[in-house]
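Just below is one structure, and these are the notes that go with it.
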Protein chains: 2
Amino acid sequence: MLLRRFSRKAACRMFSSSATQAGSEGNRAMSASAAAQASHMAAKPIDITAQPVLTMKNLGEDVPIPSVKSFNPPIRLLCGPGPGNAHPRVYSAMSLPQVGHLDPYFLEMMEDIKSLLRYSFQTNNSFTIPVSGTGSAAMEACVANMIEPGDVFLIGCNGYFGKRLVDMGKRYGAVPVTMDRPWGQVFTYEEIKEAIEKHKPKVLALVHAETSTGACQPFDGVGELCRKHGVLLIADCVTSISGVPLYLDKWGVDAAYAGTQKALSCPPGVAPLSFSDRAMDKLMNRKTDVANWYLDMRMVASYIGSNTGGARSYHHTAPISMCYALREALEIVREEGLENRWKKHRDAAEMFWSGLQEMGLEPLVAYEHRLPTLTTIKVPQGIDPKQVTNFVLHKYGIEIGNGLGELSGKVWRVGLMGVNATPLIAMTVLSAMKDALRQQGYKC
Amino acid sequence: MLLRRFSRKAACRMFSSSATQAGSEGNRAMSASAAAQASHMAAKPIDITAQPVLTMKNLGEDVPIPSVKSFNPPIRLLCGPGPGNAHPRVYSAMSLPQVGHLDPYFLEMMEDIKSLLRYSFQTNNSFTIPVSGTGSAAMEACVANMIEPGDVFLIGCNGYFGKRLVDMGKRYGAVPVTMDRPWGQVFTYEEIKEAIEKHKPKVLALVHAETSTGACQPFDGVGELCRKHGVLLIADCVTSISGVPLYLDKWGVDAAYAGTQKALSCPPGVAPLSFSDRAMDKLMNRKTDVANWYLDMRMVASYIGSNTGGARSYHHTAPISMCYALREALEIVREEGLENRWKKHRDAAEMFWSGLQEMGLEPLVAYEHRLPTLTTIKVPQGIDPKQVTNFVLHKYGIEIGNGLGELSGKVWRVGLMGVNATPLIAMTVLSAMKDALRQQGYKC
């Protein structure tokens, strides 16, 4: 151990010498008020050599210095359900020295992030912000703020994230009611209409992009239905934002949350959220407090949510570097243009799907409801799926995902998102999967 | 606008050509099961030219591309209550390409983070983890997991963060009872003993390092008291970890939370948390569910909390880059050694306090309870405090903090934390404050 340590005695010596210096250089000429303070201080001189109470003392180290491995993260091609690889420009932006979270520059930049998020969400919602946590935190923010105890909460359950909404809803006192569909399928307009008319919910949640199944839920007409019946509409856009056509305003979505680590190619750590005016009305007129402090969007609104340019009141400390990262990721979307970006994702997916077909592999989701960002692939009979994911990870450094929940052991999940939505990566993943399947005697 | 855009027709052409290619290269020789799948596919051929439903369609951009300012964050010396400047090595580590959050490397690195956190907290608590949010999220994690509805929750209120604990406690159904002290003072052992005997709380929370006042609460004997009376002890260590002697095990703290953006010199975005075995017992034997999903530490325990090396179950996606950053910040603490680090903070603070005395300025907190990491300075009569903070920000790019809550307008808050706990920075801040005060006619 080469660490240099100071003895307690040496520390005391150093404290004493500071005290002497302070004493000898004393107080100087100063204003009347300062002199008054100084005389107050003279009456109760600060004894810098005094022993601090036990708590302030250095009592040595009980828990010894641990030994750790070197920090040497391997290079991975991240083509699972997320995180995907982040854009190199995002890493550069993230590592610029941070400013304070109430710095005028940060507040100004937050306005840019908000307007860039509005573009990616295709909304004019004033309250469109990054939540200081990962996508799951933004999901809970929607539930915690939109649900009041006793609210009937209708949830489309056709995958893992629908089930999670049920769990979250219960924790906030909702009465959850589910529409159910086998994983990988989506709900029809008629099913949704019937369920709304039958259950008369206060809030409806649909998963636009089910990250566990790869299905894309159509929203056609749902917003109008919700308005007609006085229902607030929540949409999970974690795996759709900037990768798949997404129109909050056109579709009448009231509360939407998304992820940064998917099509936005930004590391996880902040998460986009947008509330419509109807959602803000409900929030501001709640009968009960939001049961969650960190995600209480009334308080967050007066911290970073306001557009008035007025004073911001401290709530928590925003994750500044992650906000830099998100700003850069959104700037890249702005430069590319959303339509080009959606097309890029679809082109890579179409190429990938063609390749799967050639290999005799079948996606779980019907073509017309298949997410371009994330494809679930049925595991052929006789193939051990985890052996495939382990093989491509260890031989090629490529991550593809295993099935989650009900689909565990039944599918793989391949994400071609953000920087990975390219012909190069589509071809690479297909080739690696081919090699892995051949190891198990699969002919392709 | 120089963005290149594809027409819808061009996109359709491209989809059609993929379809032709897939068709012509068809299915090859393959295993029996794959052949079965292929024939299944042949029966229902994928029509790649089919129009996806409305929701999948690109309907153009309603919300136009916004104009934003260039991304050019100014260089700041961050000597307010936090964030402080991050260590350059931390920025470098944070910008290394991320791995997946269930990657074997990430899980291995998480074990290193946990053991490095145990060292900085001076604890052997198995459940010692980074929470996927900022310090306030880790604070709420302690309250949400340790409080059951109806629990009497005794809180030491001598600053802003004590008051916040009351707010959080209420949201989780606690019956909050406060011990009160003027901001800047601390509680004596006798006061705490009396309050415990009188109120018989289930949980006691004390703020070790009050970031709003700069006071350091002694913990001597409190842990024993809590054990004797069956009380769980929560400690706020946001501004003390790695900057001030801190001994979770020696003091008998059951649940502690901390910040990364203070003495650890890591940007905000993850937050250290540690639960003792007593705390874990309460958590695992709760009568009610934890009312918060994202911060439910039973679920987080099976995601990143387990030390058994067994399978991890997905909960949320950890903020990977922030974990890289925290790992590096903790590695720097390991290399320096905690005792050297505590001494470094005290030396810088002693120098700063001597300089304040020379200028006729008085810290709010009595010497023996003053935090080395954060000093609150009384604003002399006749001085406009915000004019001082604005002056040093705009002339020198130095951030120092204004008072918070009750101390708003009455104090400045100066943090000399982590990389900023040096004689250089102490001198720099003193000189800048001197210049700012002289602008207002203060003689120093």
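These numbers were taken from a predicted model, which means no experiment stands behind them. Below, chains carry the letters A, B, ... as their sequence lines are ordered, and counting in each starts from 1.
The shortest distance between side-chain heavy atoms of A:Glu111 and B:Val68 does not fall below 4.5 Å. For the pair A:Pro83/B:Gln98, a side-chain contact is recorded, criterion being any heavy-atom separation below 4.5 Å from C-beta on. Considering only heavy atoms from C-beta on, A:Leu116 comes within 4.5 Å of B:Pro66 through its side chain.
For B:Leu78, the part lying near chain A is the side chain, with the backbone staying farther off; criterion is any non-hydrogen pair under 4.5 Å. Contact annotation for A:Ser92: neither backbone nor side-chain heavy atoms come within less than 4.5 Å of a heavy atom of chain B. Contact annotation for A:Tyr172: only side-chain heavy atoms (C-beta onward) come within less than 4.5 Å of a heavy atom of chain B. Looking at A:Lys250, only its side chain comes within 4.5 Å of chain B, counting heavy atoms on both sides. For chain A, the nearby part of B:Glu399 is the side chain; its heavy atoms alone come within less than 4.5 Å. Heavy atoms of A:Glu140 lying under 4.5 Å from chain B belong exclusively to its side chain. At a 4.5 Å heavy-atom cutoff, A:Leu437 makes no contact with chain B through either its backbone or its side chain. When heavy atoms are compared at a cutoff of 4.5 Å, A:Met94 approaches chain B by way of both its backbone and its side chain. Neither the backbone nor the side chain of B:Ile113 comes within less than 4.5 Å of any heavy atom in chain A. Of the two parts of A:Ala325, neither the backbone nor the side chain holds a non-hydrogen atom closer than 4.5 Å to a non-hydrogen atom of chain B. Using a 4.5 Å cut-off between heavy atoms, B:Pro104 touches chain A through its side chain atoms alone. Looking at A:Leu102, there are no atoms closer than 4.5 Å to chain B (heavy atoms on both sides), in backbone or side chain.
From A:Glu108, atom CD reaches atom NZ of B:Lys69 across 4.5 Å, with rounding to the nearest 0.5 Å.
Looking at B:Arg334, its side chain never comes within 3.5 Å of a backbone N or O of A:Ile65 through a donor-acceptor pair. In terms of modelled atom types and a separation under 3.5 Å, the side chain of A:Glu61 and the main chain of B:Glu339 share a donor-acceptor contact. In this structure a side-chain-to-backbone donor-acceptor pair under 3.5 Å is present from A:Tyr105 to B:Asn72. Of the possible polar contacts, none joining the B:Arg164 side chain to the A:Trp293 backbone as a donor-acceptor pair under 3.5 Å is found. In terms of modelled atom types and a separation under 3.5 Å, the side chain of B:Tyr294 and the main chain of A:Thr134 share a donor-acceptor contact.
Of the listed residues (A:Asp289, A:Asp296, A:Asn292), just one forms a side-chain hydrogen bond (donor to acceptor under 3.5 Å, both in side chains) with B:Arg171, and that residue is A:Asp296.
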So B:Asp249 and A:Asp62, side-chain contact (heavy atoms from CB on, under 4.5 Å) or not? Walk me through it.
CA-CA 9 Å; B:Asp249 286 2; A:Asp62 273 353; 5.9 Å; no
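For B:Ala318 against A:Pro268, the heavy-atom pair with the smallest separation is O-CG, 3.4 Å. Shown here for A:Asp103 and B:Arg76, the closest heavy-atom pair between the two residues is OD2-NE, 2.5 Å.
Taking the six-membered ring where the residue is Trp, the centroids of A:Tyr160 and B:Tyr314 are separated by under 6.0 Å.
Ring orientation note: the planes of B:Tyr324 and A:Phe71 are nearly perpendicular, at an angle over 60° on the 30°/60° scale.
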